[in-house]
Amino acid sequence: MGVFPDEVIIQILARLPVKSLYQAKTVCKLWYRLSSDRYFTQLYNELSARKPMVLIDISDSTELKSSLICVDNLRAVSEFSLDFMKDRVKVRASCNGLLCCSSIPDKGVYYVCNPMTREYRLLPKSRERPVTRFYPDGEATLVGLACNLSTHKFNVVLAFYHRIFSHRSDGTFICLIFDSESSRWRKLVSLQDDQFTHMNKNQVVFVNGALHWLTGSCLYILALDLDFDVWRKISLPDEISYGSGNRVNLLESDGCLSVIQISDIWMKIWVMKDYQKEQWYLVDRVSLRCIKGLVPGIFPISQSGEYIFLATHKQVLVHHRKSRVWKEMYSVKNCPTLPLWFLAHAFRTTIFSCN
């Protein structure tokens, strides 16, 4: 009976779901050490990065725990809980397998966790918290999470407008950046006058060392370079049409910035293949005629070069770009309080450690 070379075994194990991988650790010493081996971790995370999913918070307001479902193109739907954090939390951002969550009962408290490995980290409170009577929920205008798979480091960004007593914002935009290596917050102050919709806040994209948000006006992308602590504006594709019935969303696609425009019967997808020159390329044009009745309330959530996930009020759909086939991957039986797209985040499984 032949024995597989170690490299073949590693390649097989790197394609297992996280839960199965951790169960396999009991087989032998080699497999036990794999989850902490830098080469294997890098390989596993790179392979997982090619399999985007959709994460949806399905917690009931009466429940004391946070419940989530993960919709996968291959393994369909799985449900899990964030009860290992011993707090009731809300998912604020997602990046490369990690989640940034805010505590619901304790305003201004933030966690970073890996829901697959059930590992979490409580972030220290910053000296300047975005909590005033003008922010009754105690939440920042923007929350971003940047996880660098190559350096095994992450940043959390909380950005908000400065207000003094009863006055409106003076345009001062305060940005707090947490660094996982130093376990410290740093502060960046600038002048901004942008507004953001809920969908814009949810679809924050980390590529090329920067976090990106689409502004509420959909006129440009606001990017924060985390290496140099500088905000900059990125233009959208020239071909984007502005007008009634057209919606623009910002996503990531295989490590690149991507913009998706949905109109009455078409979904157009652009990818920025040259980030330095800010060059956009139209890579796909998808007919929406077969789901026309859903178009007014449909939003793209996550994508790869092979497929794209979209959410409606009660459903999660997947469109296979090569075969042009649509499938329903998940549907809510009862009418949800909030539409699914309001609660959805792009997600992928990794063994990225938050400690």
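Predicted model only: the values in this text are computed from it and were never measured.
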Aromatic plane relationship, Phe154 with Phe178 - under 30° parallel, 30 to 60° tilted, over 60° perpendicular:
tilted
Report the relative orientation of the aromatic rings in Tyr44 and Phe40; use parallel for angles under 30°, tilted for 30 to 60°, perpendicular for over 60°.
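It falls in the tilted class, 30° to 60°.
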May I ask you to say whether Asp284 pairs ionically with Arg324, meaning some side-chain N is under 4.0 Å from a carboxylate O?
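Yes, this pair counts.
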Only distances under 3.5 Å count here; give the side-chain donor-acceptor pairs of residues 288-303 to other protein atoms, sequence neighbours excluded, each with its distance to 0.1 Å.
unit_1 : atom_1 : unit_2 : atom_2 : d
Ser302 : OG     : Met53  : O      : 3.2
Gln303 : OE1    : Arg321 : NH1    : 3.3
Gln303 : NE2    : Ser258 : OG     : 2.8

Does any non-hydrogen side-chain atom of Leu145 lie less than 4.5 Å from one of Phe206?
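No, side chains not in contact.
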Does Glu306, at its CD atom, have more than 12 non-hydrogen atoms belonging to other residues, nucleotides or ligands within less than 6.0 Å?
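At most 12 heavy atoms, drawn from other residues, nucleotides or ligands, come within 6.0 Å of this atom.
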Partner of Leu99 under side-chain contact (heavy atoms from CB on, under 4.5 Å), chosen from Val89, Val91, Asn114:
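Only one of Val89, Val91, Asn114 forms a side-chain contact (heavy atoms from CB on, under 4.5 Å) with Leu99, namely Val91.
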I need the single residue from Val71, Val54, Asn73 that forms a side-chain contact (heavy atoms from CB on, under 4.5 Å) with Val318. Which is it?
Asn73
In terms of hydrophobic clustering (I, L, V, M, F, W, Y; side-chain heavy atoms under 4.5 Å; direct or indirect links), are [X] and [Y] co-clustered?
{"X": "Ile260", "Y": "Leu222", "answer": "no"}
{"X": "Val271", "Y": "Val205", "answer": "no"}
{"X": "Ile104", "Y": "Leu82", "answer": "no"}
{"X": "Ile351", "Y": "Ile9", "answer": "yes"}

What residue pairs, at least two apart or across chains, pass salt bridge (charged side-chain N to carboxylate O under 4.0 Å, His left out) with a residue in residues 205-234?
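The answer is Arg186-Asp229, Arg232-Glu278.
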If you measure only the distance, is there a donor-acceptor pair under 3.5 Å linking the side chains of Gln11 and Arg15?
yes
Polar contact flag, side-chain donor to acceptor under 3.5 angstrom, Asn355-Ser353:
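Not at all, the side chains of Asn355 and Ser353 share no donor-acceptor pair under 3.5 Å.
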Give, for atom CD1 of Ile56 and atom OG of Ser67, the distance between the pair rounded to the nearest 0.5 Å.
13.0 Å
Derivation and outcome, salt bridge (Lys or Arg N to Asp or Glu O under 4.0 Å), residues Arg118 and Asp83
CA-CA 9 Å; Arg118 298 176 66 83; Asp83 57 358; 3.1 Å; yes
